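Right, one structure below, let's go through it.
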Amino acid sequence: MNTTKKLAMLIAGCMLLSGPGLLAQQAAQRGTLKAAFADKFDVGTALSLKQIYERDKKAMPLIESQFNALTAENCMKAMYLQPREGEFNFKDADRFVEYGEKHGMRLIGHTLIWHSQAPAWFFKGKDGRDVSREVLIERMRRHIHTVVSRYKGRIKGWDVVNESILDNGEWRRSKFYDIIGEDFVRLAFQFAREADPQAQLYYNDYSMFLEGKRKGVVSMVRQLQQQGVRVDGIGMQGHLNIDHPKVSDFEDSLLAFAALGVKVMITEMDISVLPSPRQTMGAEVSTHFKYDKQLNPYAKGLPADKEQQLAQRYKDFFALFLKHRDKIDRVTVWGVTDGDSWKNNWPVPGRTDYPLLFDRSYQPKPFVQDLIDMATK
């Protein structure tokens, strides 16, 4: 081998060691997220079907080494579990539970009652009209009892009700609300408690940093408590943007929820670096905008200044979580790698976003080590 070729190979080797491969090696040597935060709070992720069935081979060692809590991204929602009345499909959910148990993970059931991915039949009679209040309550009871009792003692925590309060604090006019009224939330918690008295039961919502949403959720939970309903935790969906919201606004809500005597969870964390089509987006899954290349500025990669901004944003929020570790039970990121994230297609389809802790090559972003260091210093 001539000298020039040897030199080229040496340079290539140095470049390889200075890239993502070295970051992964260093992370493994210096600690993992779940180990670093073990005495603070659980660190979780959401799994897709390809990961539940272990088809995403590169993701599996990452999931098993970095996280100790798992949420099924979609397969436990009502439209998938009971697509037709009385016909339950537990294949994917069973696999999710089996995978989590095999690796000693804490499992979160997501979600029992949600307006967005409930099957249409839930609300309709044979005549095509809305069912009566009594019929819908019985359908809720049967669904919740069947699902929760199947995993009794195995799934330790449930997102019982998802997104029932609007950003301004008013009740969402969902079919559950229109047919049953406010009482649907109390009934959902009652039915879940009947099915598994030992399970932890949570309320989960997005844009929880908004003052109106904060006041609405506090009012709802306080009313439930006054009615004798035990709410064990409140999930603050962490769908954030690179420059919105203020950390202080998020903290105000975190403290207000903790003051209710419940645990707080950061349930669906991702930080989008992309421009928003609207100033306040929330996380309503039915919201969609037409693709515009101006809304997809980083299709070929994230500039260094944006990488630094994202890193600082994550560090700012994890500093907040560490500050209030006595109030926080779990922090769950919504997806394993950037390539998995729903933010690539919401609210504008076909974009390239970078919202998670691990990149499309399954490597930890440089700031992940900073988070680990923050927890272990």
Side-chain angles (χ1 to χ4, degrees), residues 77-79 109-125 129-141 143-144 158-193 201-239 245 249-250 252-265 267-268 278-287 347:
K77 294 169 181 173
M79 67 181 290
H110 177 79
T111 173
L112 295 171
I113 296 297
W114 185 29
H115 69 279
S116 183
Q117 286 181 275
W121 68 261
F122 225 88
F123 312 105
K124 299 293 183 181
R129 298 181 179 180
D130 286 352
V131 296
S132 67
R133 184 176 191 271
E134 291 72 24
V135 168
L136 183 53
I137 289 174
E138 175 56 22
R139 287 178 175 177
M140 277 180 51
R141 186 199 66 78
H143 180 81
I144 293 172
W158 288 93
D159 290 334
V160 178
V161 176
N162 209 41
E163 302 171 7
S164 68
I165 301 296
L166 296 174
D167 288 355
N168 62 6
E170 296 177 359
W171 284 87
R172 180 187 296 277
R173 295 301 298 264
S174 67
K175 283 293 185 181
F176 290 109
Y177 181 90
D178 285 344
I179 296 173
I180 298 175
E182 297 177 11
D183 218 24
F184 85 89
V185 176
R186 179 188 66 81
L187 290 166
F189 275 85
Q190 174 188 318
F191 297 150
R193 186 70 64 196
L201 305 182
Y202 315 133
Y203 175 75
N204 189 55
D205 213 328
Y206 63 77
S207 297
M208 297 283 263
F209 53 85
L210 294 173
E211 183 179 8
K213 176 90 75 167
R214 177 194 314 146
K215 291 180 177 179
V217 171
V218 166
S219 176
M220 179 189 69
V221 173
R222 185 174 288 133
Q223 183 177 350
L224 290 171
Q225 292 172 330
Q226 291 169 352
Q227 294 172 333
V229 176
R230 195 178 93 210
V231 177
D232 298 300
I234 293 177
M236 300 179 67
Q237 293 182 23
H239 297 302
D249 289 341
F250 199 96
D252 288 344
S253 291
L254 192 161
L255 294 173
F257 299 146
L260 292 167
V262 304
K263 282 291 185 180
V264 178
M265 288 150 290
T267 54
E268 303 181 21
R278 197 171 64 208
Q279 184 175 5
T280 302
M281 282 304 308
E284 171 55 51
V285 296
S286 64
T287 304

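Being a predicted model, the structure only gives us computed values, none of them experimental.
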For this session: For the pair F191 and H143, evaluate side chain to side chain contact (heavy atoms under 4.5 Å, CB included) and give the outcome as yes or no after the intermediate values.
Result: CA-CA 9 Å; F191 297 150; H143 180 81; over 6 Å; no

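- Contact record, T267 with G235: CG2-CA, 3.4 Å, taken as the closest heavy-atom pair.
- Side-chain contact between I137 and I180: present, with at least one pair of heavy atoms (C-beta onward) separated by less than 4.5 Å.
- Partners of D183 under the salt bridge (charged side-chain N to carboxylate O under 4.0 Å, His left out) rule, at least two apart in sequence or in another chain, are R133, R186.
- Going from atom OG of S116 over to atom NZ of K77 covers 7.5 Å, rounded to the nearest 0.5 Å.
- The main-chain N or O of V135 is found under 3.5 Å from a side-chain atom of S132 such that the two form a donor-acceptor pair.
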For this session: Output, in order, the C-alpha distance, side-chain angles, deciding distance and verdict of side chain to side chain contact (heavy atoms under 4.5 Å, CB included) for F257 and K263.
Result: CA-CA 8 Å; F257 299 146; K263 282 291 185 180; over 6 Å; no

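- Counting only heavy atoms from C-beta outward, the side chains of I234 and V221 approach each other to under 4.5 Å.
- Scored by the side chain to side chain donor-acceptor pair (under 3.5 Å) test, D159 finds H110 as partners (sequence neighbours excluded).
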For this session: Might you work through the side chain to side chain contact (heavy atoms under 4.5 Å, CB included) test for V161 and L112, ending with a clear yes or no?
Result: CA-CA 6 Å; V161 176; L112 295 171; over 6 Å; no

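- What you find for A192 and V160 is that their closest heavy atoms are CB-CG2, 4.2 Å.
- Applying the side-chain hydrogen bond (donor to acceptor under 3.5 Å, both in side chains) rule to pairs touching residues 220-235 yields R193-D232, R230-D232, sequence neighbours excluded.
- Atom CG of residue L224 and atom CG of residue L260 lie 10.5 Å apart, to the nearest 0.5 angstrom.
- Put simply, the side chain of R129 never gets that close to the backbone of K124: no donor and acceptor are under 3.5 Å apart.
- Legend: residues meeting side chain to side chain donor-acceptor pair (under 3.5 Å) with S253, ordered by chain and number and at least two apart, are R214.
- A search for salt bridge (charged side-chain N to carboxylate O under 4.0 Å, His left out) contacts involving E182 returns nothing, not counting sequence neighbours.
- Residues passing the side-chain contact (heavy atoms from CB on, under 4.5 Å) test with K213, sequence neighbours excluded: I165, D167, D205, Y206, S207, M208, L210, V217.
- For F184, the ring-ring contact (aromatic ring centres under 6.0 Å, His included) criterion is met by F176, not counting sequence neighbours.
- Rounded to the nearest 0.5 angstrom, F189 CZ and Y202 OH are separated by 10.5 Å.
- Side-chain contact, E268 with N204: a donor N or O sits under 3.5 Å from an acceptor N or O.
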For this session: Please step through side chain to side chain contact (heavy atoms under 4.5 Å, CB included) for the pair V231 and L201, ending with a clear verdict.
Result: CA-CA 6 Å; V231 177; L201 305 182; over 6 Å; no

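- Residue W171 comes nearest to V185 through the heavy atom pair CZ3-CG2, 3.6 Å, listed as atom of the first residue, atom of the second, then distance.
- A 4.5 Å side-chain heavy-atom check between M236 and L254 finds at least one atom pair inside the cut-off.
- R173 pairs by the salt bridge (charged side-chain N to carboxylate O under 4.0 Å, His left out) definition with D178, not counting sequence neighbours.
- For K175, the salt bridge (charged side-chain N to carboxylate O under 4.0 Å, His left out) test picks out D130, with sequence neighbours left out.
- Looking at R139, its side chain does come within 3.5 Å of a backbone N or O of W121 through a donor-acceptor pair.
- Contact record, A78 with A118: CB-CA, 4.3 Å, taken as the closest heavy-atom pair.
- Contacts of A258 classified as side-chain contact (heavy atoms from CB on, under 4.5 Å), with partners at least two apart in sequence or in another chain: V264, K327.
- Taking the side-chain contact (heavy atoms from CB on, under 4.5 Å) definition, one finds that S219 meets it with nothing, sequence neighbours left out.
- Using a 4.5 Å heavy-atom threshold, the side chains of S164 and Y177 count as separate.
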